[in-house]
Protein chains: 2
Amino acid sequence: MIEPGTRRREIDEVASELFHANGYAATSVRDIARALDIQGASLYAHVASKEDVLWSIVDHAATAFEHAADAATTEADAADPVDGLAALVEAHVEVITADPERSSVFVTEWRHLSPDRRAAIARRRDAYEARFRETIADGVAVGAFRATDPALAATFVLTALNGIATWYRPDGRLSADRIADHYVDLALRSLSEDHR
Amino acid sequence: MIEPGTRRREIDEVASELFHANGYAATSVRDIARALDIQGASLYAHVASKEDVLWSIVDHAATAFEHAADAATTEADAADPVDGLAALVEAHVEVITADPERSSVFVTEWRHLSPDRRAAIARRRDAYEARFRETIADGVAVGAFRATDPALAATFVLTALNGIATWYRPDGRLSADRIADHYVDLALRSLSEDHR
DNA sequence: CCTACCGATCGGTAGG
DNA sequence: CCTACCGATCGGTAGG
């Protein structure tokens with residue numbers, strides 16, 4: 001972090017849009033600068049490297065998901081895995097729809113980070129996914145969810161949720177709230193005991 | 001198509017792996033050539049442009065999905081939307097696990113195609129997604145699926161399926177068949193009428 | 001399929 | 001935040 005001011009946040013915002021639309025590798029430093037009406041080289045008065053911009057976006061997105069899951073877990077009934085999973089799904093959808101560009105960069109572009117940073121994000125993603133996996137396993141254990149593979153089910157649900165980041169439009173047919181409601185329902189039903 | 005021989009297929013195969021691992025924009029023509037033990041410029045004896053390689057991969061993947069869905073629909077009970085959706089899901093998973101690299105390039109890299117080709121793929125994707133959407137709508141109409149938004153449910157299921165391309169490993173914990181079975185089950189349950 | 005080469009663009013630095 | 005500039009690499013061509 002070279003400069004914590006408004007300009008630095010504008011860089012992340014503009015870069016999120018460009019990385020989301022065209023991908024990190026296909027976005028040049030000059031593309032970002034042009035969107036801010038400054039010269040390409042001037043961007044380096046604010047950031048040390050192009051990868052630092054990606055890191056800032058990915059790190060903040062990861063933190064947003066983590067904090068939302070913390071809050072969801074705190075508010076949910078700790079004794080009810082169904083309520084717990086519903087809260088995690090709802091929180092995840094809300095983070096995505098609140099900032100789909102940043103979220104989609106987090107989901108799709110983290111492979112372009114340096115090995116160290118990529119490994120750090122991989123660990124945080126694993127820990128985050130474990131919350132879903134363990135909540136599902138708890139639900140299976142108490143008979144609230146049918147017997148299934150918790151890891152695979154967690155992956156099924158999380159990839160469906162992350163897909164929202166690629167297609168969501170704030171002015172689309174469905175509001176963020178309605179998407180969240182539908183996705184909570186689809187996710188819970190996919191794990192429900194009685195099938196047809 | 002400049003040359004339809006074995007070398008041309010090797011290029012697609014090697015390029016699929018590289019585009020899958022690093023993305024289209026971050027893969028250079030010389031990266032592809034190096035993997036084939038030839039000079040960068042020599043690649044142009046086989047292809048007219050880097051984008052033509054991407055197009056070949058994406059076009060073949062789209063065709064594979066379309067043909068698999070055709071066969072699935074032919075084999076399924078036309079009067080039973082549940083059987084129809086199960087067949088579509090199973091076929092989709094099988095195409096992905098048969099060639100995860102090509103499938104993931106199809107799912108994630110098509111935005112790097114020229115506007116004309118991108119539009120053509122968008123149309124084919126829409127038509128493909130419509131099969132899922134209409135099968136779900138049929139199931140809702142006959143009471144086999146609960147009343148839901150067919151378009152959103154189709155997106156939920158398809159994004160979960162496409163996620164397989166990003167994490168599947170042939171030597172992983174679960175075989176392709178078991179993944180297909182589980183995903184058919186998860187997808188059907190997500191649309192089931194009776195919830196808990 | 002090779003060597004030799006092209007103009008354009010890349011991320012980034014120096015010095016103000 | 002600017003001008004001027006750097007070496008490296010990009011996709012692609014010419015001519016064999």
Side-chain angles (χ1 to χ4, degrees), chain A residues 1-59 105 109-118, chain B residues 1-59 105 109-118:
Chain A
M1 182 164 48
I2 292 182
E3 180 202 316
T6 308
R7 199 49 150 177
R8 188 61 191 80
R9 275 194 293 273
E10 285 177 342
I11 291 171
D12 279 8
E13 197 180 323
V14 152
S16 290
E17 286 170 26
L18 291 169
F19 294 166
H20 168 64
N22 311 314
Y24 174 77
T27 302
S28 73
V29 166
R30 284 158 180 81
D31 289 334
I32 300 170
R34 193 179 310 118
L36 295 164
D37 266 316
I38 62 176
Q39 294 299 311
S42 302
L43 208 76
Y44 289 91
H46 304 282
V47 301
S49 71
K50 183 188 173 188
E51 194 226 313
D52 277 3
V53 178
L54 177 61
W55 170 249
S56 174
I57 295 165
V58 168
D59 182 36
V105 170
E109 305 295 327
W110 63 294
R111 61 178 166 184
H112 294 109
L113 290 169
S114 69
D116 280 8
R117 287 169 163 174
R118 197 166 56 235
Chain B
M1 184 165 45
I2 292 182
E3 181 201 314
T6 307
R7 199 51 150 175
R8 187 62 190 80
R9 275 193 292 273
E10 286 177 341
I11 292 171
D12 280 8
E13 197 181 324
V14 152
S16 290
E17 285 169 27
L18 292 168
F19 293 167
H20 168 64
N22 311 315
Y24 174 78
T27 302
S28 73
V29 166
R30 283 159 182 80
D31 290 335
I32 300 169
R34 192 179 309 118
L36 294 164
D37 266 317
I38 60 175
Q39 294 299 312
S42 302
L43 208 76
Y44 289 90
H46 303 283
V47 301
S49 70
K50 183 188 174 188
E51 194 226 314
D52 277 2
V53 178
L54 176 61
W55 170 248
S56 174
I57 295 165
V58 169
D59 182 35
V105 171
E109 304 296 328
W110 63 293
R111 62 179 165 181
H112 294 110
L113 291 169
S114 68
D116 281 9
R117 287 169 162 175
R118 196 166 56 234

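Labels below follow one simple rule: chain letters A, B, ... track the order of the sequence lines, proteins then strands, and each chain is numbered from 1.
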Can you tell me the distance, in whole Å, between the [atom1] atom of [X] and the [atom2] atom of [N]?
X       : N      : atom1 : atom2 : value
B:Arg34 : D:dC10 : CZ    : P     : 8 Å
A:Asn22 : C:dC10 : CG    : P     : 12 Å
B:Tyr44 : C:dC6  : OH    : P     : 18 Å
B:Lys50 : D:dG12 : NZ    : P     : 8 Å
A:Glu51 : C:dG11 : CD    : P     : 13 Å
B:Arg30 : C:dT3  : CZ    : P     : 13 Å
B:His46 : D:dG12 : NE2   : C1'   : 15 Å
A:Asp52 : C:dG11 : CG    : P     : 14 Å

Subject >> Geometric cation-pi criterion B:Lys50 and B:Tyr44, 6.0 Å radius, 45° cone >> reply: no
**OP:** List the atom of B:Arg111, the atom of B:Arg118, and the distance in Å for their closest heavy-atom pair.
**Re:**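 So the minimum-distance heavy-atom pair works out to O-NH1, 3.2 Å.
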For the side chain of [X], counting heavy atoms from C-beta on, which of [options] is nearest?
X       : options                : result
A:Val29 : D:dG11, C:dG11, D:dT13 : C:dG11
A:Gln39 : D:dG11, D:dC2, C:dC1   : D:dC2
B:Ser28 : D:dC2, D:dG11, C:dC1   : D:dG11

Donor-acceptor pair, distance only, cut-off 3.5 Å: does the side chain of [X] make one with the backbone of [Y]?
X       : Y        : result
B:Glu10 : B:Leu36  : no
B:Glu51 : B:Ser114 : yes
A:Ser42 : A:Ile38  : no

Original post:
Please walk me through it: do A:Arg34 and A:Asp31 pass salt bridge (Lys or Arg N to Asp or Glu O under 4.0 Å)?
Top reply: CA-CA 5 Å; A:Arg34 193 179 310 118; A:Asp31 289 334; 3.2 Å; yes
Original post:
Which ranges of DNA chain D pair up as stems, where a stem means three or more consecutive Watson-Crick or G-U pairs with both distances under 3.5 Å?
Top reply: C:1-16 with D:1-16
**OP:** Tell me whether the OP1 or OP2 atom of C:dC1 has a side-chain N or O from B:Arg7 closer than 4.0 Å.
**Re:**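 Answer is yes, contact under 4.0 Å.
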Original post:
So does A:Ser42 get a side-chain nitrogen or oxygen closer than 4.0 Å to the phosphate oxygens (OP1/OP2) of D:dC2?
Top reply: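 Yes.
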Subject >> Steps toward side chain to side chain contact (heavy atoms under 4.5 Å, CB included) verdict (B:Ser56, B:Asp59) >> reply: CA-CA 5 Å; B:Ser56 174; B:Asp59 182 35; 6.0 Å; no
**OP:** Return the 5'-most residue of the pair B:Gly40, A:Asp37 with respect to DNA chain D, ranking by each residue's nearest nucleotide.
**Re:**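 Taking each residue's closest nucleotide, the earlier one in sequence belongs to A:Asp37.
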